[in-house]
Each structure stands twice: as C-alpha cells, then as structure tokens.
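Protein chains get the first letters and strands the later ones, always in sequence-line order, with residue 1 at the start of each.
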There are 2 protein chains.
Amino acid sequence: MDKPLDKAVADLGRDIGEYIRQQRSTAKISLRQLAKLAGVSNPYLSQIERGLRKPSAEILQQIAKGLRISAEALYVQAGFLEQREGGALADAIATAPDLTERQKQVLLDVYESFRRENTATQPKPEE
Amino acid sequence: MDKPLDKAVADLGRDIGEYIRQQRSTAKISLRQLAKLAGVSNPYLSQIERGLRKPSAEILQQIAKGLRISAEALYVQAGFLEQREGGALADAIATAPDLTERQKQVLLDVYESFRRENTATQPKPEE
DNA sequence: GCACTCCGCTTGCAGCTGCTAGCACCTCGC
DNA sequence: GCGAGGTGCTAGCAGCTGCAAGCGGAGTGC
C-alpha cells in the first residue's frame with residue numbers, strides 16, 4: 001500500500017512534531033516555556049508540534065537546547081541524519097580507540113542495563 | 001577586533017560554500033554536473049558556493065549525495081552539527097535508537113570522564 | 001462580577017529559499 | 001563566419017519559514 005508523497009511528507013512533519021511534544025511532556029514544561037527556553041516563537045513551536053510547519057536545522061538546534069537534548073536526536077527524527085543500527089553502539093564501544101578494555105566493559109555494562117531497563121519497563125522504548 | 005554579526009554570518013555561509021566548491025573541485029566535476037547529480041538547480045548551487053544563500057539541511061543532504069560524501073560533513077561545515085570530541089562513539093551514543101535522552105546523556109558523561117581520565121594518566125594517548 | 005496570569009492556537013506578513021528562464025562567455029567542428 | 005555544446009551567473013518570483021499581534025479558554029484572587 002503506497003502512500004502518496006504528500007501524505008508521507010506530512011507524516012514526516014508529524015514525526016518530528018510528535019517527538020518534540022513527547023520530550024516536552026517528559027520534561028513537564030508548557031509550550032510557552034519551551035518556546036522561551038529555545039528562543040523560538042510559541043505559535044511557531046505549536047505549529048511544528050502539530051506538523052503544520054517544517055522547521056530548519058537551526059530551529060531544531062534551538063529546540064534541542066531548550067529541551068536539553070542533543071540536536072542529533074532531533075535531526076534523526078526530522079530525517080536529516082540516519083539512525084544508527086541497534087548493534088552499532090556496542091560495536092563502537094568495543095572498537096573505541098581512546099578507552100581501556102576495562103572502561104569499554106563498564107560502558108558496555110551500563111549500555112546493556114539501560115537497554116534491559118527500557119525493554120522491561122515498556123515494550124516501546126521512549127524515543 | 002570584533003566582526004559585526006552580519007559579517008560573521010556571511011562568513012559562515014562562505015564556509016560551507018567554500019567547502020562544497022573545494023569538494024567539487026577535488027571530484028573534478030563542473031557546477032552543472034554536481035547540480036544535476038545532487039538534484040538542485042545550478043544557479044542555486046552557484047549562489048550557495050559563493051555564500052549568497054544558506055541552504056537547508058535537505059539541500060545539503062542532496063549535495064552530499066551528489067559529491068558522494070557524508071551529509072554529516074556538510075552539516076558540520078554549516079554549523080548544524082558539532083564535531084564531537086569523542087568522534088564516532090559520541091556520535092553513536094547521541095543517535096542510538098534504543099536509549100532515552102537521559103540515558104544517552106549519562107553514557108556521554110561517563111565516556112567523557114573516561115577520556116579525561118586517560119588524558120590525565122598519559123599526556124599522549126594513543127588516538 | 002472583575003482583573004490578572006497562564007494555556008495553546010489563528011492570522012497576516014516580511015524575508016528567505018530554491019526554482020525557471022535566460023544571459024554572456026568559451027571551445028570545437030563545419 | 002556559423003551552430004552546437006559546454007561553463008557559471010543574473011534576475012524575477014512562488015511558496016515556505018518564523019515572527020508578532022491577538023484570540024478564546026482556564027484558573028486564581030479580590
């Protein structure tokens with residue numbers, strides 16, 4: 001079942017908007033508060049959250065700052081960056097050139113426990 | 001000697017434009033050829049290279065595809081992405097799909113403290 | 001009741017992005 | 001000479017981005 005391109009694009013907009021709304025809800029701040037923290041207008045933030053507008057990378061950067069999350073996370077949702085595959089982080093830790101073996105093991109253990117925590121608490125990880 | 005903000009912004013535009021022109025020169029293709037490969041108009045690409053316009057992340061993605069380089073490299077030049085200190089591992093953490101934002105931050109902090117520790121124990125880490 | 005503060009949203013619009021049509025210039029082959 | 005193909009750029013403009021002004025609604029205190 002092929003979606004028309006327009007619909008797919010609108011859905012993409014909703015994806016980043018939904019994600020921002022989610023993160024804002026998690027942070028327990030109002031739309032106006034986030035808009036202020038991020039330095040964007042609150043009507044525009046509202047439109048972004050509802051998928052009516054498609055913000056630039058700069059606006060996403062500002063919103064990420066307001067949410068205290070990485071801009072990368074928002075770029076991924078917006079389709080500007082590709083999401084790494086699940087196994088990639090474990091591999092990256094294992095091959096990190098600037099860590100000792102002990103440190104690598106610690107990071108891997110922390111990562112595994114986080115993933116276990118996410119699988120146990122809710123089947124759909126918060127992302 | 002403080003530059004006016006307008007000048008600084010114009011320089012930023014020139015940075016990404018210069019970089020694109022450089023990469024195109026390295027690839028030995030004309031402006032029109034790159035524009036065609038990238039799927040953007042050649043006048044617009046010309047304007048971008050000369051720092052007259054500031055392309056969106058999507059256009060940068062297309063140009064990267066045409067140049068056969070990573071979009072990330074262009075985002076960094078454009079100021080959308082920071083070149084993270086940790087490189088690949090930090091990137092992998094930031095974009096990991098199975099972690100919450102809070103968990104990502106924890107891992108990044110742990111990783112950062114490990115790197116600091118390694119820098120302190122040996123002045124020239126193998127990197 | 002009123003005024004105030006907060007909430008999220010609508011509307012109109014200035015300025016920007018990215019495009020098309022077309023220009024001037026160059027080289028090559030006839 | 002000409003035409004064809006290539007080069008990079010100018011100019012005008014449709015549509016989009018992000019904003020300011022303002023709306024209706026909710027809650028609080030007088």
J.: For nucleotides 10-25 of chain D, just jot down a letter per nucleotide in 5' to 3' order: B, S or -, based on protein non-hydrogen atoms under 4.0 Å.
T.: B------BBBBB----
J.: Figure out the NZ/C1' separation between B:K36 and D:dG8, and round it to whole Å.
T.: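 Checked: the NZ to C1' distance equals 17 Å.
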J.: Quick check against the 3.5 Å criterion: does A:S25 have a side-chain atom that pairs as donor or acceptor with the backbone of A:R21?
T.: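 Side chain of A:S25 to backbone of A:R21: no pair is present.
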J.: Can you tell me how far apart CD1 (A:I63) and OH (A:Y19) are? Round to the nearest 0.5 Å.
T.: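 Between atom CD1 of A:I63 and atom OH of A:Y19 there are 12.5 Å.
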J.: Whole-Å distance between C:dC7 P and A:L34 CG?
T.: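 Rounded to whole Å, this separation is 12 Å.
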J.: Does B:Q47 offer a backbone N or O that forms a donor-acceptor pair with the side chain of B:R53 under 3.5 Å?
T.: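 No, the answer is negative, given that no donor and acceptor are paired below the 3.5 Å cut-off.
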J.: Can you list, in residue-number order, the parts of residues 20-27 of chain B that come under 4.0 Å of DNA chain D, counting heavy atoms only?
T.: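 Listed by number, they are B:R21, B:R24.
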J.: Say whether, by atom type as modelled, one donor and one acceptor occur between the side chain of A:R50 and the main chain of A:S46 under 3.5 angstrom.
T.: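 Indeed, once roles are kept as given, a pair shorter than 3.5 Å links the two residues.
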J.: Once you round to the nearest 0.5 Å, how far does CG of B:L99 lie from CD of A:E117?
T.: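 Going from CG on B:L99 over to CD on A:E117, the span is 10.0 Å.
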J.: In this structure, would B:I20 and B:L52 fall into the same cluster of hydrophobic residues linked by side-chain contacts under 4.5 Å?
T.: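 Different hydrophobic clusters.
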J.: For the atom pair CD (A:E18) and CD1 (A:I48), what is the distance rounded to the nearest 0.5 Å?
T.: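 So the gap between those two atoms works out to 14.0 Å.
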J.: Calculate, to the nearest 0.5 Å, the distance between atoms CG and OG belonging to B:N42 and B:S30 respectively.
T.: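 If I round to the nearest 0.5 Å, the distance is 8.5 Å.
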